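Below you'll find the structure, written out as structure tokens, and then a few comments.
Remember, it's 1-based here, ligands and their atoms both numbered in the order they're listed. In this text, all values refer to a predicted model and were calculated from it rather than measured experimentally.
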Amino acid sequence: MALAKGTPREVPLSLSDLDDTARKAFHRAGSFFTDLMTPSLRLGVTGLSRAGKTVFITALIRNLVSGGRLPFFGPEAEGRIERAYLEPQPDDTVPRFDYEAHLATLENDPPAWPESTRRLSQLRVTIEYLAANPLVRAFGPSRLNLDIVDYPGEWLIDLPLLQQSYEAWSAEAIGQAREARRAPHAKPWLDLLDTIAPYAREDEQVALTGTRLFCGYLMEARANNHVLHTSGPGRFLMPGDLAGSPLLTFFPLQLEADRSTPRGSLAAMMARRFESYKSHVVRPFFRECFARLDRQIVLVDLLGPLNEGGPALADLQRALDGVLGAFRTGTSSWLTSLLGRRIDKLLFAATKADHIHATSHDRLEAILRLVTERAMNRATSTGSEVDVQALAALQATHEAEAKLGDDLLPCIVGVPLAGERVGAKVFDGIQEAVIFPGDLPEDPKKALMSEAGPTRLNFVRFRPPRVLPAGANGEAAPLPHIRLDRALDFLLSDRLA
Ligand SMILES: Nc1nc2c(ncn2[C@@H]2O[C@H](COP(=O)(O)OP(=O)(O)OP(=O)(O)O)[C@@H](O)[C@H]2O)c(=O)[nH]1
Ligand SMILES: [Mg+2]
């Protein structure tokens, strides 16, 4: 039906309908408002020590700012990402994530992985993109600020402490120390505990000696076998700027159930310091890192525990469960007041997937599903969107097939780090090697059930690939990765629509 001239109707607005001056004014108004109102997305990168947080953040930023190959990152594949750049650090009280230094270690010849993180840091990346909607696009490019925080994974194990009393923590920590795998490391401290009377008068010397031995045990458990998780405190392992602080002078005691602690006793002193540690160290840390998170990626390194066998995997499951339990949403959670916002998308990622052939990635994902099952169910039941992926933020190997008799073995090729070994062979950190790391079990439950001791799996650590510096125009050779683009797609795409 033809409309009469004066009939109100919707006229689709197209930029080409405007003359040049109007178009410029339109864009100016657009960028004024986008500057003022650039939305931000806080991405929580959660992971225990050595899970791959720093490498993930560095690779993510490098892929965004220097032209990565990200075919499965929707907005990039649609050609809508105009550019991404680092913004000045938004929060004056938090140090900046040293992206350039981490990248420089990878650009070294030979390249090296970044060091273990010792303190909290933060970075803001601004992504400038064209909105999918042509009407929004008419105002010029849109922007999204992506805020990411990095921290030492050791501090994460403090999260469950906030829900525990000193008594409960003491019982759990002592029980753990007596388990067969930890007891040899804990012996000097456990022997001392047997000589201590918790309800006797407080004594600073006993506090100092006990802390020294307790701390020695935590350090040794980690140094000898990084998959031996303990219930912290995290700062005893990575003190940051608290090294030598009296806040770190306490340890668990053997307490009697239902016996009250007299004032002035050693038990009262330890409980007081435990509570101070929670309020002066743990709470501010979690407020800094996890308040107002919009999205979260939980990075899990399954390879170390898989090398060790079922008990190590169960240990990882327990440690993760303690940590992730704190992210429960809903009124019953003590963390609700800290979190402020609700995490609406949660990605569980099995990191370092370049250690196994692609044909095994779905089995790795199945094991991750099993290990994080409880946290995953909690998140889904509160309405968060959850996904699981095996990924490598920085791919250090490539795949090959080796013929063994009539069989073709799915192998990986890379340069194992110096000192890594497979059987009797010790690698020198220079020679490339073709490695068959073993088959992951088809049924993930078998991974949890496998006996302690040497398994049929053998993952070695590899040297990072050579990362070439960006040229003068900021463009650089893309970094190899596995599914980093799919992770970005899940975490960011809807906010770049
Ligand atoms: N092959 C491979 N190795 C990786 C990858 N990501 C991390 N790694 C290895 O895992 C180690 C730990 O990675 P980081 O990123 O430093 O781990 P983190 O979670 O920041 O550890 P903390 O700072 O100690 O909490 C690295 O030194 C590498 O050996 C990856 O994508 N591929
Ligand atoms: Mg780190």
Side-chain angles (χ1 to χ4, degrees), residues 44-63 68 95 97-99 101-103 105-106 108 110-123 148-159 219 222-223 226-227 229 232 234-235 237-240 285 289 297-305 307 316 319-320 323 349-357 361 364 389-399 412-420 427 429 432-433 435 437 459-467 479-485 487:
V45 180
T46 305
L48 295 168
S49 147
R50 316 311 286 146
K53 299 179 291 298
T54 305
V55 171
F56 174 84
I57 299 170
T58 307
L60 180 154
I61 297 171
R62 170 61 155 64
N63 275 283
F97 176 78
D98 204 346
Y99 167 66
H102 297 318
L103 199 58
T105 63
L106 292 167
N108 270 342
W113 296 103
E115 284 191 353
S116 204
T117 308
R118 299 181 172 278
R119 58 173 198 175
L120 188 91
S121 64
Q122 189 183 354
L123 198 70
I148 312 177
V149 177
D150 190 27
Y151 56 86
E154 277 90 355
W155 296 1
L156 200 66
I157 58 175
D158 280 344
L159 189 42
M219 293 279 195
R222 181 185 60 172
H226 77 285
V227 290
H229 297 287
R235 298 280 174 147
L237 291 163
M238 184 62 81
F285 163 59
C289 273
I297 177 164
V298 178
L299 301 178
V300 185
D301 174 9
L302 291 169
L303 305 174
N307 267 348
L316 171 71
L320 275 175
V323 166
T351 54
K352 314 180 195 177
D354 54 333
H355 285 75
I356 51 175
H357 196 274
H361 286 173
L364 192 67
Q389 282 172 4
L391 60 79
L394 187 55
Q395 186 178 0
T397 66
H398 60 270
E399 294 175 349
I412 43 167
V413 184
V415 180
L417 290 177
E420 292 291 300
F427 295 99
E432 201 172 60
I435 292 177
F459 299 110
V460 297
R461 290 175 307 140
F462 291 94
R463 216 174 71 176
R466 183 81 210 284
V467 173
L479 295 190
H481 64 81
I482 299 173
R483 280 186 280 276
L484 182 66
D485 49 351

(request) Give a yes or no answer on whether the side chain of Arg463 reaches the backbone of Gly429 with a donor-acceptor pair at less than 3.5 Å. (result) yes

(request) Report yes if the side chains of Phe97 and Ile61 come closer than 4.5 Å at any heavy-atom pair, otherwise no. (result) yes

(request) Closest by any non-hydrogen atom to atom 30 (C) of ligand 1: pick that one out of Ile482, Leu48, Leu394, Leu391. (result) Leu394

(message) So for ligand 1, is Glu154 a polar contact partner (N or O within less than 3.5 Å, distance only)?
(response) no

(request) Kindly indicate whether the side chain of Leu479, heavy atoms from C-beta on, has any atom under 4.5 Å from the side chain of Leu106. (result) no

(request) Look at atom 1 (N) of ligand 1 and say which protein heavy atom is nearest, naming residue and atom and giving the distance to 0.1 Å. (result) Asp354 OD2, 2.8 Å

(message) I'd like to know whether ligand 1 has Gly47 as a neighbour, heavy-atom separation below 4.0 Å.
(response) no

(request) Could you tell me whether any N, O or S atom belonging to Thr54 is less than 2.8 Å from the Mg ion (ligand 2)? (result) yes

(request) State whether Thr117 contributes an N/O/S atom found under 2.8 Å from the Mg ion (ligand 2). (result) yes

(request) Mark up the atoms of ligand 1 that fall under 4.0 Å of a heavy atom belonging to Ser49, in ascending order. (result) 25 (O)

(message) My understanding is that we take every heavy atom of each candidate and find the minimum distance to atom 10 (O) of ligand 1. Doing that for Lys352, Arg463, His355, which one comes out nearest?
(response) Lys352

(message) Check this for me - ligand 1, Pro152, N or O atoms closer than 3.5 angstrom, yes or no?
(response) no

(message) Exactly one of Pro110, Pro111, Pro114 should register a side-chain contact (heavy atoms from CB on, under 4.5 Å) with Pro464. Which one does?
(response) Pro111

(request) Tell me which protein heavy atom sits closest to atom 17 (O) of ligand 1, plus the residue, atom name and distance to 0.1 Å. (result) Gly52 N, 3.1 Å

(message) With salt bridge (charged side-chain N to carboxylate O under 4.0 Å, His left out) as the criterion, how do Asp301 and Arg50 come out once you've worked through the C-alpha distance, each side chain's angles and the decisive distance to 0.1 Å?
(response) CA-CA 8 Å; Asp301 174 9; Arg50 316 311 286 146; over 6 Å; no

(request) Using a strict 4.0 Å cut-off to heavy atoms of Ala392, name the atoms of ligand 1 that fall inside it. (result) 31 (O)

(message) Considering non-hydrogen atoms of the protein only, which is the closest contact for atom 15 (O) of ligand 1, and what is the distance?
(response) Val55 N, 2.8 Å

(message) Name the residue from Val415, Val413, Ile412 that meets the side-chain contact (heavy atoms from CB on, under 4.5 Å) definition with Thr397.
(response) Ile412

(request) Give the ring-plane orientation class for Phe459 versus His355, where under 30° counts as parallel, over 60° as perpendicular and anything between as tilted. (result) perpendicular

(request) Quick one: closest heavy-atom pair of Ile148 and Val45, and the distance? (result) CG2-CG2, 3.7 Å

(request) For atom 16 (O) of ligand 1, find the nearest protein heavy atom and state the residue, atom name and distance (0.1 Å precision). (result) Arg50 NH1, 3.3 Å

(request) Check whether any side-chain N or O of Trp155 sits under 3.5 Å from a backbone N or O of Met238 as a donor-acceptor pair, and report yes or no. (result) yes

(message) If you count heavy atoms of other groups shown closer than 6.0 angstrom to CZ of Arg466, is the number above 12?
(response) yes

(message) Quick test: of every protein heavy atom, which one is nearest to atom 24 (O) of ligand 1, and how far off is it to 0.1 Å?
(response) Ser116 OG, 2.6 Å

(request) Look at atom 28 (C) of ligand 1 and find which of Phe462, Trp113, Phe56, Phe459 reaches it with the closest heavy atom. (result) Trp113

(message) Could you tell me, atom by atom, which parts of ligand 1 come under 4.0 Å of a heavy atom of Ala396?
(response) 1 (N)

(request) Of all the heavy-atom pairs spanning Pro465 and Pro480, show the shortest one and how long it is. (result) CG-CG, 4.1 Å

(request) Note the single closest protein heavy atom to atom 18 (P) of ligand 1, along with its residue, its atom name and the distance in Å. (result) Lys53 N, 3.4 Å

